[in-house]
Amino acid sequence: MLTRDSSSRLVPTFITLLVVGVLLMTIDVRLEGKGVVGVLRSGTQAIVAPLQEVAAFVVNPVADMFDSLTNVASLREQNIALRAELADAQAELVAVQDQLAVLALLEQLYGLDSADPELGQTVANVIGKVDAAFVVDKGTNDGVVVGQPVIDTNGYVVGIVMTVTSGSATIVPITAGRNGLTVLVNAQVGTLTPQVNTSEMRLLIGDAREPVIEGDRVVTSAGSNAYPAGLPVGVVLGDAAPESNSLTASVEPYVNTDTLRIVVILAWPPDPVTAATDDAVDVKETTTTTSGDTATTTSPPENEG
Amino acid sequence: MRGRTVLIVVALLMVAVVVQTTLFGRIRLVTPDLVLLLAILLCLTRIRPEVILAIAFTSGLVVDLLGSSVLGLRAVVFTTVAYLGLRTRDRAEIGRVAVALWAGGLTLVGVVLLMLIGTLFGQSSLLGENTLSRVILVPLANLVIAAALAPLVVRLVDRDKTAFRYP
């Protein structure tokens, strides 16, 4: 049988904690997650991330097995469909390789150089998930900094680095971000914002000149401060025509964050000083690949060739 | 609260946080809220009520700090749920089923509060998609886990093998 003393301090303590909680919420909203709040988040993550990494090492095989068992039937059908897609993709790849060869030849003839240097990439494993955000096993030691864009292995936009410690980082997907995403659809610039209780996002084009059609690709715009231009984000779900110069449509992102296991963190924006130097772009590329429990980091020599 | 009890509570909290963010972050079919459940189950122990509120607040704050939701959101919700738990814990002493239903009911209150306060602070999208199904699944999962683990947690924290034994 339980024995307890009733406390007259219960209600005052409850009210005090509620007030403190609401104050914290207000401060966090005002600071937009930066400042002291950012330091607190990084500190907590630094403590918990190593434990998450160890737990993920044990949990991931179990979770994979659980997923496999629950998806055996659909996996077989998916396998057949993927084989067909692979054949189509290989055919397209051959065509693209031909086009690239022609492009390289033309660039050589006209003395052109690629406008954007290849971005540094850090490949990271997902080790934890809290609400919509997820934690990866790469941090400042691997060159990851707050605000860097994150894509999946297919190059589709995933989200942005919110907090980072020496060995881990928290990533907020675009479907849960506090700010919208500046995108390009058929040469029209719009804003993509998350919606409640759905993975679909809302596209708003303020100065719409033409309609958008179901299946139109949505890519990041050069006007975006958070992402490099041209990264695929999603696809328009239904036709929409301009009304009073503005247009609204639903967009399904390509990435499903629930099934993400590996992500790629881009070293973007590149250093403004080196980026401004057209003739000598020197971007250090650090690629970290992880397989099982081993991690390899490679950096090309600075004066190669 | 003695030093050893503090250690046990901190260890339980860390285990709950790590398991919640790794195992249950991967498996989508089973979605309990272990940290909230721990805050609820601690209401059944002999820890002083105001300390239980402080633990619930801290637990929520830790989850807030690890996630992307606004800081303090879960802290407020967990504290409120713990307060309700402390006020109603006598009803959970009847038996295992009563404990499970009590924990499930409090979890339901917690999930609904999380949605409501989250919406007020513009954080609904941070809770992810399928929010409505979570209102049903999370309390159900917590109900089942509470039925299995409630006596164990109480005995572990109170260090009393005779505690919470049903006739």
Side-chain angles (χ1 to χ4, degrees), chain A residues 1-7 9-10 12-14 17-18 20-29 33 37 40-41 43-45 48 51-52 54-56 58-60 62-64 66-67 70 127-135 162 170 172 175-178 194-199 257-258, chain B residues 14 17-29 44-46 48-51 53-54 56-57 60-73 75-77 79-80 82-83 86-87 89-90 93 117 119 121-132 154 158 162-164:
Chain A
M1 205 55 198
L2 299 174
T3 55
R4 302 177 204 96
D5 297 321
S6 60
S7 174
R9 285 176 291 181
L10 185 62
T13 309
F14 174 56
L17 289 172
L18 282 191
V20 172
V22 173
L23 276 175
L24 282 173
M25 289 162 79
T26 311
I27 290 167
D28 190 22
V29 170
V37 176
L40 280 173
R41 282 187 195 276
T44 312
Q45 198 187 316
V48 179
L51 297 173
Q52 284 178 319
V54 172
V58 179
V59 160
N60 282 350
V62 177
D64 284 340
F66 189 82
D67 280 347
T70 52
I127 57 169
K129 198 165 187 289
V130 185
D131 295 334
F134 51 91
V135 184
M162 187 181 77
T170 303
V172 181
T175 51
R178 293 187 191 185
Q195 295 187 91
V196 177
N197 194 34
T198 175
S199 63
T257 53
D258 284 339
Chain B
M14 291 306 282
V17 167
V18 171
V19 173
Q20 180 71 47
T21 55
T22 53
L23 181 65
F24 295 118
R26 287 283 315 268
I27 300 173
R28 280 166 287 162
L29 285 176
L44 299 170
T45 64
R46 293 194 187 111
R48 281 187 318 194
E50 62 271 21
V51 178
L53 287 185
F57 183 86
L61 204 60
V62 169
V63 181
D64 285 334
L65 285 166
L66 288 173
S68 56
S69 57
V70 66
L71 191 66
L73 175 61
V76 165
V77 170
T79 309
T80 308
Y83 178 76
L86 287 166
R87 287 286 183 197
R89 61 184 174 182
D90 291 339
E93 292 176 8
I117 301 175
T119 306
F121 277 79
Q123 303 293 303
S124 301
S125 61
L126 293 175
L127 301 176
E129 54 187 292
N130 304 323
T131 313
L132 294 177
V154 174
D158 286 345
T162 61
F164 230 80

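A note on names: the letters A, B, ... follow the listed sequences, proteins ahead of strands, and every chain is numbered from 1.
In this structure, chain B has a heavy atom under 4.5 Å from the backbone of A:I127, while its side chain stays farther away. For B:V63, the parts sitting under 4.5 Å from any heavy atom of chain A are the backbone and the side chain alike.
Counting heavy-atom pairs closer than 4.5 Å to chain A, the top residue among B:L66, B:V17, B:L86, B:D64 is B:L66. Options A:Q45, A:K129, A:M25, A:M162 differ in how many heavy-atom pairs under 4.5 Å they form with chain B, and the most are formed by A:M25. Counting heavy-atom pairs under 4.5 Å between each of A:L51, A:L17, A:L23, A:L18 and chain B puts A:L17 at the top.
Residues A:V48 and B:M14 meet the side-chain proximity criterion, which asks for heavy atoms closer than 4.5 Å. Annotation: side chain of B:L61 is in contact with side chain of A:L24 (closest heavy-atom distance under 4.5 Å). Looking only at side-chain heavy atoms (C-beta outward), A:R41 and A:T170 stay at 4.5 Å or farther from each other.
Scored by the side chain to side chain donor-acceptor pair (under 3.5 Å) test, B:T22 finds no partners at all (sequence neighbours excluded). By the side chain to side chain contact (heavy atoms under 4.5 Å, CB included) test, B:A54 pairs with no residue at all, sequence neighbours left out.
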